[in-house]
Chemist: 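Okay, here's the structure, questions in a sec.
Because the structure is predicted, anything quoted here is derived from the model rather than measured.
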Amino acid sequence: MEFSDYVTLLTCLISISAYGFIKSRKTENEEQSVHATMVGSRVSVWSATLSVCSGFISSISLLGFPAEIYYQGGMMLWFAPMYVISFPIVAFVFLPVLYRLKLTTIYEYFERRFDYKCRFVTTSLFCVQMILYNSVALYAPSLAIASITNIPITVSILITAVLSAFYISVGGVKAGIHTSAIQMLLIFLTMTFIISISLREMSIHDVYTSVVHGKRFILNDFRINPTIRHSVWSLLIGGTGNILALFAANQLSIQRYMAMDTLKSAQKVVLLNIVCNTIILVSYVSVGFLIYAHYKDCHPQIGNANELLPRFVMDVTSKYPGSVGLFAAAVYSAGISTLSASFTAVSSIVINDVWKVYRERRKMAPLRNDQVQNAMRILPIVLSFISIFVAFLCSMLQSIILQVSFIVFGAGGGPVLGSFVVGLFVPRVKEKAALVGLIGSIIVCFSISIGSVLVKVKPVALELGQCSNQTLTYFDESFIGAVTSTPLVFGLERIFAISYQYYSIIAVVTNVALSIVMQKLFELCSLTANHLPVSHELVSPLLTYSSSKRDPELEAHRTQRDTLA
C-alpha cells in the first residue's frame, strides 16, 4: 500500500468513528427506557435497513462471495428471487407477533410460550454461535489484509475488535446502528468502484464471453439431487430457510426491528432489505465474474480463497491512488459492522436473559436504567477481548476452529427457527415436547454438519487458468455443483453430503415433526390431553386459533416490563 492508501484507510475509519461519537453526544442527556437502551430507539427506516443488511454482510462474505463465484460459478444469483419470497414472510408472518410483544431479546418468547428451559437452550446456542463467528470475522479478513498491506495480522485483529467495541461502548446501541449504516454505504461504494475500474480494463462483452466459456454462467441447474451444493431448489428452498433463520429468528436482526417506532416502519425495514441484499448480491456476483475474466488464462498463486479479491484489487485498481486503502476500509467496515451488531446482541442477552432472570429468581429489585447503561458499555469491551483471544486461537488451529465456527453458525439457526414455527403455528405443543423437539433438531443438524467435515465433503472445482500453453483436459459438466467425500459403508456419506443450504430446513422439519409426535406421546402417557389455552399474542394471527383468556404469566411479565421502562 502507498501513502495515499493509508491516508484513505485512516480517514474512513476515523470519520466513521467520529460519526458514531457525534451520535452518542446527541443521545447522552436523553432519558431512555431499559428497552430502548438495549435495542435503540428513534432510528430512521433507511438507517435501520442498512444496519440490518450490514449485520450479515461480514468481511467473510465480502471476501468469500466473489471467490465462490470465481471457483464455482454464478448459481448464487438465485438468491435474488429467494429474497422476494423470504423477506415478506419475515415481515408479515413472524415480525407482527414479535414486535407487538415488545421483546428486548427474542428468546424471551420461548419462556412465555413454553418455559425457561427452552429459553436457556436457545440463548446459550446463540451466544456460542456469535463468540465463535466473531473470531472468524476477526481472523479471516486480517489474514487477507495482511496479504496486500504491511499491517500485521495481530494489529489488524486489535483494530477491528477495538473499534467495534468502541462504537457500542461509547455511542450506545443507536450510534452502533448509524455507524453500521454508514459502513454499509462504504461497502456499496467500494464494490461500485471496483466494478467501474475493472470495466475500464475489460468490456462487458469480453467478461460475458469469458464466464460463459468458463462455465461460470450456468444458471439452469434444476437437478433435484439434494447433494448438489447450489441447485435452483437448494437456493430457493434451503436459502429461504437460511434467510428466515437469520432475519426472523436471530437477535442481530430483531434488535434492529425493535428500534423502530411502529410495526409498519419495522416491516418497511424488512422489505427494503430485498433491495439492499439484491444490490449487494449482484455486485458480489459481478465482481466474481470480473475476477474470472481477468484470470481466465492464469490462476493467481494465492494461499487461500480469502486472498483472491485482495489480489485482484492489487492487480487491477492499485494504479489509482487510494483505491487499495478504500478496499481495506471496506473490509474493516464489513467486519466492524458485524462485530458491533453481535456485541450489542450478546450484551442484551446477557443482561436480559441472564442477569435480569437471576435477579428475578433471587427476588431482587428490578434492574435500573443506569445499571443497564453501564452494563451495555462494559460488556462489549469484555466480548471484544474474548473474541480477540479466540481469533488468536484461529491463527494456531485455523483448520479446526474455522470449520467448527462455520458449523455452529450455519447449523445453529435452524433449530431456533423451528422452535419459533412450533410456537407460532402449533399451539397444541407444550413445553416438554417443544424442548425435546429443539434438542432433537440440534442433534440432527449438528450431526450432519459435523459429519460433512469428518468425511471431507468438498465441491468439485471448475477449471482454472493454467498459466501455460498446455491443453486443458475435458471437463464433464455433470460434475458442476457436485461434491466429493470419503466413502462410507452402505453409502452413508450421501447423508453428510447434503447441501449446507438445506441445514435450516432440515432443522425446522425435524423440530416441528418431533415436537408434534412427542406432544401426542406425552398426552397418551398422561391419559389426559393438555389443551390449556395459549395467549393469542403468542401465536400467529394467521391462525384462527384464539383464547378467551389472557395468559396470566404473560400479563405479569408485561406489567414488570412496563415498570422497568
Side-chain angles (χ1 to χ4, degrees), residues 61-81 144 147-148 187-188 190-223 228-232 235 278-320 323-324 326-327 330 458-483:
S61 64
L62 176 62
L63 298 171
F65 213 115
E68 168 69 26
I69 304 302
Y70 174 83
Y71 287 105
Q72 300 297 328
M75 278 297 296
M76 283 285 203
L77 275 173
W78 279 96
F79 269 138
S147 67
I148 62 172
I187 295 171
F188 282 136
T190 303
M191 299 306 290
T192 302
F193 174 79
I194 293 174
I195 293 172
S196 300
I197 297 302
S198 299
L199 289 178
R200 288 189 175 185
E201 307 291 331
M202 302 171 282
S203 69
I204 295 179
H205 179 267
D206 291 338
V207 174
Y208 175 77
T209 302
S210 298
V211 297
V212 169
H213 184 266
K215 302 179 179 63
R216 265 64 179 179
F217 204 70
I218 296 177
L219 305 176
N220 59 345
D221 192 342
F222 286 91
R223 286 176 289 178
I228 300 300
R229 289 178 74 244
H230 294 150
S231 68
V232 173
L235 293 171
T278 300
I279 292 174
I280 199 68
L281 169 69
V282 172
S283 67
Y284 282 170
V285 173
S286 299
V287 170
F289 286 156
L290 289 167
I291 296 175
Y292 178 77
H294 181 76
Y295 294 123
K296 65 181 184 298
D297 296 323
C298 185
H299 175 65
Q301 299 299 314
I302 54 177
N304 59 63
N306 283 336
E307 297 178 16
L308 181 63
L309 180 56
R311 174 65 177 272
F312 177 74
V313 170
M314 289 291 293
D315 289 345
V316 175
T317 71
S318 59
K319 61 184 178 182
Y320 296 91
S323 60
V324 178
L326 179 65
F327 172 73
K458 295 181 180 179
V460 177
L462 300 180
E463 291 177 328
L464 298 173
Q466 299 296 314
C467 298
S468 67
N469 294 323
Q470 61 182 321
T471 302
L472 295 178
T473 58
Y474 172 75
F475 183 82
D476 188 344
E477 291 191 7
S478 65
F479 288 149
I480 296 176
V483 296

Chemist: Are the side chain of T190 and the backbone of A330 linked by a donor-acceptor contact shorter than 3.5 Å?
Modeler: no
Chemist: May I ask you to decide whether R229 forms a salt bridge with E68, counting only side-chain N to carboxylate O separations under 4.0 Å?
Modeler: yes
Chemist: Please give me the minimum heavy-atom distance between L309 and P66, naming the atom from each residue.
Modeler: CD2-CG, 4.2 Å
Chemist: Closest heavy-atom contact between Y320 and V316?
Modeler: CE1-O, 4.4 Å
Chemist: Heavy atoms only: give me the nearest T278-A80 pair and the separation to one decimal.
Modeler: CG2-CB, 4.4 Å
Chemist: Is the gap between the ring centers of F193 and F327 under 6.0 Å?
Modeler: no
Chemist: Will you find, in the side chains of T209 and D206, an N or O donor that is under 3.5 Å from an N or O acceptor?
Modeler: no
Chemist: Rounded to the nearest 0.5 Å, how far does CD1 of I195 lie from OG of S286?
Modeler: 4.5 Å
Chemist: Sequence neighbours excluded, which residues qualify as side chain to side chain donor-acceptor pair (under 3.5 Å) partners of Y292?
Modeler: none
Chemist: Starting from the C-alpha separation in whole Å, work towards a yes-or-no answer on side-chain contact (heavy atoms from CB on, under 4.5 Å) for L464 and Y71.
Modeler: CA-CA 8 Å; L464 298 173; Y71 287 105; 3.8 Å; yes
Chemist: The test is side-chain contact (heavy atoms from CB on, under 4.5 Å); show your working for F289 and Y208 and say whether it passes.
Modeler: CA-CA 8 Å; F289 286 156; Y208 175 77; over 6 Å; no
Chemist: Are side-chain heavy atoms of I279 and F188 found at a separation under 4.5 Å?
Modeler: yes
Chemist: Are the side chains of M191 and V287 in touch, meaning some heavy atoms are under 4.5 Å apart?
Modeler: yes
Chemist: May I ask you to test the V232-R223 pair for a side-chain heavy-atom distance under 4.5 Å?
Modeler: no
Chemist: What is the distance from atom CZ of F222 to atom CD1 of I228, rounded to the nearest 0.5 Å?
Modeler: 14.0 Å
Chemist: Side chains of T317 and F312, heavy atoms from C-beta outward: is any pair under 4.5 Å?
Modeler: no
Chemist: Might you point out which heavy atoms bring S210 and K296 nearest each other, and give the distance in Å?
Modeler: OG-CD, 3.3 Å
Chemist: Could you state the interatomic distance from CD1 (I218) to CE (M75), rounded to the nearest 0.5 Å?
Modeler: 9.5 Å
Chemist: With side-chain contact (heavy atoms from CB on, under 4.5 Å) as the test, would you mind laying out the steps for S283 and T192 before giving the verdict?
Modeler: CA-CA 7 Å; S283 67; T192 302; over 6 Å; no
Chemist: Between the side chains of Y70 and H299, does any donor sit under 3.5 Å from an acceptor?
Modeler: yes
Chemist: For L219, is the CG atom crowded, meaning more than 12 foreign heavy atoms sit under 6.0 Å from it?
Modeler: yes
Chemist: Of all heavy-atom pairs between L62 and Y284, which one has the smallest distance, and what is that distance?
Modeler: CA-OH, 3.4 Å
Chemist: Is there any salt bridge (Lys or Arg N to Asp or Glu O under 4.0 Å) pair reaching into residues 303-319, and which pairs are they, with sequence neighbours excluded?
Modeler: E201-K319, R311-D315
Chemist: Give me the atom names and distance for the closest heavy-atom approach of L281 to M76.
Modeler: CD1-O, 3.6 Å
Chemist: Can you tell if the side chain of V313 reaches within under 4.5 Å of the side chain of S318, non-hydrogen atoms only?
Modeler: no
